[in-house]
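What follows is a short report on a single structure.
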Amino acid sequence: MKLSQYLLATLKEAPNDAETASHKLMIRAGMIRKVAAGIYNFLPIGLKVLRKVENIIREEMNSAGAIEVMMPYVTPADLWEKSGRWNIYGKELLRFKDRADRDFCLGPTHEEVVTDLVDKEIKSYKNLPITIYQIQPKFRDEIRPRFGVMRAREFIMKDAYSFDIDENSADLSYKKMFEAYNRIFERCGLEFRAVEADSGNIGGSFSHEFMVLAETGEDLIMVCDECDYASNIETTPVVFTQDDLNQKKHEKNSGAGREMPENKIEKVSTPSCITVEEVSDFLKIKINKIVKTMILSTNQGIEAVLIRGDHELSLTKYKKNRDLEFADLATNEEISKINTVKGFSGPVNLDINIFADNELRNMTSYVTGSNEKDFHLLNVNHEKDFKIKGFLDCRQSVDGDVCPGYPDFTLRSTRGIEVGHVFKLGTKYSDSMKAGFTDKNGKDMNFYMGCYGIGVGRVVAAAIEQNNDELGIRLPSNLAPFEVIVIPTDTKNEKVMNVAIKIYDNFLKNGYDVALDDRPDSAGIKFKDSELLGIPIQITIGPKSLEKDTVEFKERDSMKKNEFKMDDIEGLLNLANEKIR
RNA sequence: CGGGGUGUAGCGCAGCUGGUAGCGCACCUGUUUUGGGAACAGGGGGUCGGAGGUUCGAGCCCUCUCACCCCGACCA
């Protein structure tokens with residue numbers, strides 16, 4: 001590619017609204033431009049990198065036996081009504097009507113379409129298992145798109161769906177995809193972890209997220225450095241060691257600074273102390289001696305959950321462990337209906353079902369709200385002062401918690417960018433959409449399904465987030481926009497240009513993705529652009545080097561330079577081959 | 001959706017107390033340059049996000065509105 005005839009749109013400064021390294025660099029390198037919030041143009045450089053990621057994904061999908069198709073991203077409402085998601089999916093689903101007033105939406109994911117497709121084409125167990133995939137735009141009307149293509153509303157996604165005759169077979173399909181994902185992200189040069197995750201809106205029983213470890217990640221994950229345990233903080237189980245469970249030490253140590261024996265509830269004034277921090281400060285009582293009472297609105301009615309003051313409730317875990325369809329913080333109206341006051345709720349004389357985090361089991365004589373404005377209670381004890389309907393694991397994991405893999409190890413929190421997600425769906429969609437096949441006994445069965453997504457643009461952004469320096473992007477050579485750039489520093493110097501073109505032609509002939517920077521600009525601009533774009537190999541030809549009959553070979557990664565005789569094309573090709581192939 | 005903020009040239013920004021809209025970079029022409037974002041000379045480019053209002057006069061004040069950004073809630 002001759003850059004004088006290319007669309008290279010590099011910028012010295014990034015627009016103000018770019019925050020993360022990858023967002024800034026992708027704009028500065030002329031990879032993307034914003035069209036509207038969360039909607040982007042991919043310029044040639046960006047598209048090249050995107051395609052390289054796509055091709056890695058495609059190769060690994062194909063070699064895992066998946067078959068490529070393309071489905072429409074405008075999808076009719078009736079498919080979504082069939083699965084029941086037309087009403088469940090929130091505003092994230094962009095809906096609209098066609099000229100005949102029929103409902104449609106932009107596909108945020110394609111379970112419905114693919115299930116319908118496979119149901120129509122596959123009739124017999126003999127044609128199963130099958131995994132099909134596509135690489136195609138998706139649209140989700142995100143509440144808050146941000147960080148460029150990291151969280152965009154329109155984005156390119158690889159989505160694959162497996163169809164099996166039974167659960168065992170489905171597990172094999174899942175495993176194949178899981179392994180393909182590991183290979184894909186390894187080939188993209190990413191530092192990542194596969195973590196256990198919640199399956200959320202898509203449903204299903206089991207799932208893993210592939211997380212690229214990065215400071216700017218939007219997800220918190222808990223990892224164990226000793227074993228390879230990792231999980232999204234939304235789901236990380238809190239386990240207790242046997243020691244913890246046996247010990248009675250809590251009885252002595254968790255009192256709220258008052259004498260134990262009488263255990264008499266004492267009402268104290270706590271004017272305007274709404275948060276646990278305020279209560280803690282005002283009463284001079286440690287925050288972990290306070291118990292928060294959170295009022296939740298669920299499909300089983302209004303209920304309360306007790307959490308130790310220094311812990312956070314995980315609604316995801318609560319929903320799962322209580323087996324609820326939905327659970328949300330109660331509204332102000334709901335709270336006042338049960339005769340309590342926001343900020344001063346407590347379990348004593350509270351006439352609704354009360355659940356508690358496991359951590360409460362061994363706590364005694366703690367502080368709670370009084371259900372009366374500006375008052376809290378000291379020396380509250382469950383069993384004695386109120387009844388707990390059940391204990392469950394529903395707090396968010398924190399640093400130092402016991403590793404669920406090995407009780408001797410502890411967990412540490414870190415941030416991650418979710419680049420891929422694999423789900424075991426079971427028969428959720430095939431049941432609701434009545435999609436199935438005839439088994440070998442001639443019986444009608446529903447498909448066992450799995451679905452597997454990769455955010456292609458997000459992989460690009462994550463790779464840049466992990467691979468950059470003060471000069472710019474530093475992608476691995478299989479993702480870089482070009483492998484080699486040939487820079488003649490003086491385009492008007494005939495000798496320089498002849499040598500440059502000869503080298504360029506030879507790299508082209510040998511199958512390299514090579515650029516010739518024949519723009520009539522000064523050398524400085526060309527060096528800066530090449531380094532900003534992160535082209536792994538830079539070959540410079542200028543009047544200076546030609547005085548010595550040499551050209552210069554520079555690596556972007558180390559910025560190390562090597563000199564070659566200007567006729568030593570073979571030497572250049574060999575070194576390039578060694579470095580990037 | 002709640003809280004905060006920003007809209008002035010392609011990008012980054014200045015514009016005081018209301019009085020003829022500016023700077024740097026980028027762009028165009030010419031000349032000289034060409035190994036680290038060149039120099040000189042000349043030039044083009046703006047409904048000051050939009051609508052309405054106050055005023056002799058509004059980029060600046062008032063009202064409404066739109067877009068975008070940040071924090072939160074939310075979300076494969």
Side-chain angles (χ1 to χ4, degrees), chain A residues 9-20 23-24 27-28 30 33-39 85 88-93 107-111 138-148 151-153 155 157-161 197-204 207-211 218-219 232 234 315-316 326 328-329 331-332 418-425 450-455 458 471-472 487-493 496-497 517-532 538-548 550-552 554 559 561 563:
Chain A
T10 54
L11 295 173
K12 216 191 284 195
E13 287 175 286
N16 212 353
D17 55 17
E19 285 250 311
T20 55
H23 187 192
K24 282 184 194 155
I27 289 171
R28 284 194 49 211
R33 290 289 187 266
K34 187 167 72 183
V35 176
I39 299 176
R85 284 208 293 181
I88 293 170
Y89 229 113
K91 286 180 133 180
E92 206 177 300
L93 186 65
T109 172
H110 278 69
E111 284 78 11
K138 296 270 183 290
F139 193 95
R140 293 182 190 174
D141 200 355
E142 295 278 352
I143 295 167
R144 191 142 97 82
R146 57 185 134 178
F147 304 152
R151 177 180 287 265
R153 292 196 293 172
F155 56 101
M157 176 165 161
K158 187 285 302 178
D159 48 328
Y161 306 88
D198 182 57
S199 43
N201 210 356
I202 279 203
S207 91
H208 284 94
E209 286 170 338
F210 286 78
M211 291 283 190
E218 291 185 88
D219 293 289
N232 192 303
E234 285 180 8
L315 269 176
T316 309
F326 71 85
D328 248 316
L329 291 180
T331 60
N332 289 345
E418 180 191 351
V419 288
H421 205 154
V422 292
F423 297 87
K424 214 175 118 178
L425 291 176
C451 81
Y452 317 92
I454 293 179
R458 195 180 274 189
L471 293 171
I487 301 181
T489 60
D490 183 355
T491 50
K492 284 190 189 142
N493 183 318
V496 168
M497 282 310 287
D517 196 348
D518 57 345
R519 295 176 298 170
D521 291 309
S522 74
I525 290 177
K526 298 183 184 184
F527 293 139
K528 291 284 187 209
D529 276 351
S530 147
E531 282 141 19
L532 174 62
Q538 202 178 83
I539 295 172
T540 306
I541 303 100
K544 252 188 193 172
S545 66
L546 288 189
E547 277 172 24
K548 298 183 286 180
T550 64
V551 298
E552 183 184 290
K554 189 169 76 185
M559 296 296 275
K561 296 176 186 175
E563 297 218 327

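Here is the naming used below: chain letters follow the sequence lines, and residue numbers restart at 1 for every chain. Predicted model only: the values in this text are computed from it and were never measured.
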Heavy atoms from C-beta onward define the side chain here; which of [options] lies closest to that of [X]?
X: A/Ala36; options: B/G37, B/C71, B/C68; answer: B/C68
X: A/Thr489; options: B/G35, B/C75, B/G37; answer: B/G35
X: A/Ser522; options: B/C74, B/U34, B/C75; answer: B/U34
X: A/Arg151; options: B/C74, B/C75, B/G35; answer: B/C75
X: A/Gln538; options: B/C70, B/G36, B/U34; answer: B/G36
X: A/Ile143; options: B/G72, B/G36, B/G35; answer: B/G72
X: A/Ala37; options: B/G35, B/C74, B/C68; answer: B/C68

Atom [atom1] of [X] and atom [atom2] of [N]: how far apart are they, to the nearest Å?
X: A/Arg144; N: B/G2; atom1: CZ; atom2: P; result: 15 Å
X: A/Asp141; N: B/C1; atom1: CG; atom2: C1'; result: 13 Å
X: A/Glu234; N: B/A73; atom1: CD; atom2: P; result: 11 Å
X: A/Ile27; N: B/C68; atom1: CD1; atom2: C1'; result: 13 Å
X: A/Glu531; N: B/G35; atom1: CD; atom2: P; result: 15 Å
X: A/Glu218; N: B/C71; atom1: CD; atom2: P; result: 9 Å
X: A/Lys544; N: B/G36; atom1: NZ; atom2: P; result: 6 Å
X: A/Leu315; N: B/C75; atom1: CG; atom2: P; result: 9 Å

Next on the checklist: Show, in sequence, the C-alpha distance, side-chain angles and deciding distance for A/Lys544 and A/Thr489, and conclude whether the side chain to side chain contact (heavy atoms under 4.5 Å, CB included) test is met.
Outcome noted: CA-CA 9 Å; A/Lys544 252 188 193 172; A/Thr489 60; over 6 Å; no
Item to check | From A/Leu532 atom CG to A/Lys12 atom NZ, the distance as rounded to the nearest 0.5 Å | outcome: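 Rounded to the nearest 0.5 Å, the CG-NZ separation comes out at 12.5 Å.
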For the residue pair [X] and [Y], what are the closest heavy atoms and their distance?
X: A/Tyr452; Y: A/Phe423; result: CE2-O, 4.1 Å
X: A/Arg146; Y: A/Glu218; result: NE-OE1, 3.2 Å
X: A/Thr491; Y: A/Pro520; result: OG1-CA, 3.6 Å
X: A/Ser530; Y: A/Gln538; result: OG-NE2, 2.6 Å

Base of [N], side chain of [X] - is there a donor-acceptor contact under 3.5 Å?
X: A/Lys548; N: B/G35; answer: no
X: A/Ser545; N: B/G35; answer: yes
X: A/Asp521; N: B/G37; answer: no

With a 4.0 Å cut-off on heavy atoms, is [X] in touch with a base, just the backbone sugar-phosphate, or nothing at all?
X: A/Lys492; result: base
X: A/Tyr452; result: nothing
X: A/Arg28; result: base
X: A/Asn493; result: nothing

Write down the partner of [N] under the Watson-Crick or G-U wobble criteria, each distance required to be under 3.5 Å.
N: B/G72; value: B/C1
N: B/A67; value: B/U6
N: B/A58; value: none
N: B/A38; value: B/U32
N: B/G18; value: none
N: B/G12; value: B/C23

If we take the [atom1] atom in both [N] and [M], what is their distance in whole Å?
N: B/G12; M: B/U29; atom1: P; answer: 25 Å
N: B/A21; M: B/C48; atom1: C1'; answer: 8 Å
N: B/A14; M: B/A9; atom1: C1'; answer: 14 Å
N: B/C27; M: B/G19; atom1: C1'; answer: 32 Å
N: B/G7; M: B/U47; atom1: C1'; answer: 15 Å
N: B/U17; M: B/C61; atom1: C1'; answer: 12 Å
N: B/G45; M: B/C40; atom1: P; answer: 23 Å
N: B/G2; M: B/G18; atom1: P; answer: 33 Å

Item to check | Set of side-chain hydrogen bond (donor to acceptor under 3.5 Å, both in side chains) partners for A/His110, sequence neighbours left out | outcome: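 Listed in chain order: A/Lys138.
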Checklist entry - Phosphate oxygens OP1/OP2 of B/G35: is one of them under 4.0 Å from a side-chain N or O of A/Lys561? => result no
Checklist entry - Is any side-chain nitrogen or oxygen of A/Arg146 closer than 4.0 Å to OP1 or OP2 of B/C71? => result yes
Please list, for nucleotides 8-14 of chain B, all pairs of protein and nucleotide N/O atoms separated by less than 3.5 Å.
| from | atom 1 | to | atom 2 | distance (Å) |
| --- | --- | --- | --- | --- |
| B/G12 | OP1 | A/Asn16 | N | 2.8 |
| B/G12 | O2' | A/Glu13 | OE2 | 3.4 |
| B/C13 | OP2 | A/Asn16 | ND2 | 2.7 |

N/O donor-acceptor pair under 3.5 Å between [X] side chain and [Y] backbone:
X: A/Lys526; Y: A/Pro488; result: yes
X: A/Thr10; Y: A/Gly30; result: no
X: A/Arg153; Y: A/Glu142; result: no

Checklist outcome for this item: side-chain hydrogen bond (donor to acceptor under 3.5 Å, both in side chains) test vs A/Asn232 passes for just one of A/His208, A/Glu418, A/Glu209, namely A/Glu209
Checklist outcome for this item: Between A/Thr491 and A/Lys158, the residue closer to the 5' end of RNA chain B by nearest nucleotide is A/Thr491
